[in-house]
*Asks:* 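The structure is given below, and queries will be raised subsequently.
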Amino acid sequence: MRFICFIVILFTTWCSVMADDGHYTADSCARYEIIGEAVFDFGDIEQDAGAAKCTFAIKSEGDIPLLILTGSTTCPCTQVTYSQDVVQPGDTLTMTVTYDPHLNLGQFSQAAVLKTNACPYQFIRVYVKGNVIGRSNS
């Protein structure tokens, strides 16, 4: 169902670009800027404390809408969600990365990636890192 919705949005966006009065040109491009840092350090996380979350903000800066095609991570212990599939120029996308510490002890560094229609860089990459510690025995 999400795929069908995405295709409808993509088609609608394409139609609006084609019907525009010349605002878009052959050089029109979706662009983005990560607001703030692209790396979030959780520091020490207790293994049994539950999932840790952080949020990144990405601003659409091109002259056509930024389309989010897919989201992925480098490990099943990390999940990525995002607030919308189409980000109009000037609007901001919220990207949340969740890390589940119960699988591993020690230091970690994971990436979350959104594939987009942006040029010249199609992939928005952010990173989370930290250190999973065991339960204290006090």
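Note: hydrogens, waters and symmetry copies are ignored here, and every other heavy atom, side chains too, is used.
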*Asks:* With a 4.5 Å cut-off on side-chain heavy-atom distances among I, L, V, M, F, W and Y, is there a chain of contacts connecting V86 to L69?
*Replies:* yes
*Asks:* Do Q110 and T74 pair up side chain to side chain, a donor and an acceptor below 3.5 Å, judged on atom types alone?
*Replies:* yes
*Asks:* List the steps, then state whether side-chain contact (heavy atoms from CB on, under 4.5 Å) holds for V128 with C54.
*Replies:* CA-CA 8 Å; V128 294; C54 67; 3.5 Å; yes
*Asks:* What are the two closest non-hydrogen atoms of I124 and T116, and how far apart are they?
*Replies:*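 Heavy atoms only, the tightest pair is CD1-CG2, 3.7 Å.
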*Asks:* Between I35 and Y121, is there shared hydrophobic-cluster membership here, with clusters defined by ILVMFWY side-chain heavy atoms closer than 4.5 Å?
*Replies:* no
*Asks:* Which atom names give the shortest non-hydrogen contact between V132 and P101, and what distance separates them?
*Replies:* CG1-O, 3.6 Å
*Asks:* Report whether Y99 and L105 are members of the same hydrophobic cluster (ILVMFWY, side-chain heavy atoms less than 4.5 Å apart, transitive linking).
*Replies:* yes
*Asks:* Output the distance between atom CD (Q79) and atom OG1 (T98), rounded to the nearest 0.5 Å.
*Replies:* 7.5 Å
*Asks:* So, for E33 and E61, which heavy atoms are closest and what is the spacing to 0.1 Å?
*Replies:* OE1-OE2, 2.7 Å
*Asks:* Any chance you could measure I133, atom CD1, to Q107, atom CD, to the nearest 0.5 Å?
*Replies:* 12.0 Å
*Asks:* Over all heavy atoms of both residues, which pair between P65 and Q88 is shortest? Give the atoms and the distance, please.
*Replies:*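 So the two residues come closest at CG-OE1, 3.5 Å.
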*Asks:* Nearest 0.5 Å, what's the CD-OH distance between Q84 and Y82?
*Replies:* 11.0 Å
*Asks:* Can you measure from OG (S83) to CG (D91) and round to the nearest 0.5 angstrom?
*Replies:* 9.5 Å
*Asks:* Check whether any side-chain N or O of D63 sits under 3.5 Å from a backbone N or O of C29 as a donor-acceptor pair, and report yes or no.
*Replies:*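 Side chain of D63 to backbone of C29: a pair is present.
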*Asks:* Using a 4.5 Å cut-off on heavy atoms from C-beta on, say whether the side chain of P120 contacts that of R31.
*Replies:*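 Of all side-chain heavy-atom pairs linking P120 with R31, at least one is under 4.5 Å.
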*Asks:* Describe, in one word, how the ring planes of F108 and F42 are oriented to each other, choosing from parallel (under 30°), tilted (30 to 60°) and perpendicular (over 60°).
*Replies:* tilted
*Asks:* Are the side chains of K129 and V39 in touch, meaning some heavy atoms are under 4.5 Å apart?
*Replies:* yes
*Asks:* Going from CD1 on I58 to OG1 on T92, what distance comes out if it is rounded to the nearest 0.5 angstrom?
*Replies:*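 Separation between the atoms: 9.0 Å.
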*Asks:* So, for V97 and V80, which heavy atoms are closest and what is the spacing to 0.1 Å?
*Replies:* CG2-CG2, 4.5 Å
*Asks:* For L66 versus A30, what's the shortest heavy-atom pair and its separation?
*Replies:* CA-CB, 4.0 Å
*Asks:* Using modelled atom types only, decide if a donor and an acceptor are shared between the side chain of D100 and the backbone of C77 within a distance under 3.5 Å.
*Replies:*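 The answer is no, because no donor-acceptor pair under 3.5 Å joins these two groups.
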*Asks:* With a 4.5 Å heavy-atom cut-off, do L93 and L114 have their side chains touching?
*Replies:* yes
*Asks:* Are the side chains of V126 and I34 in contact, using a 4.5 Å heavy-atom criterion?
*Replies:* yes
*Asks:* Would you give the length of the straight line joining atom OH of Y32 to atom CD of Q122, rounded to the nearest 0.5 angstrom?
*Replies:* 9.5 Å
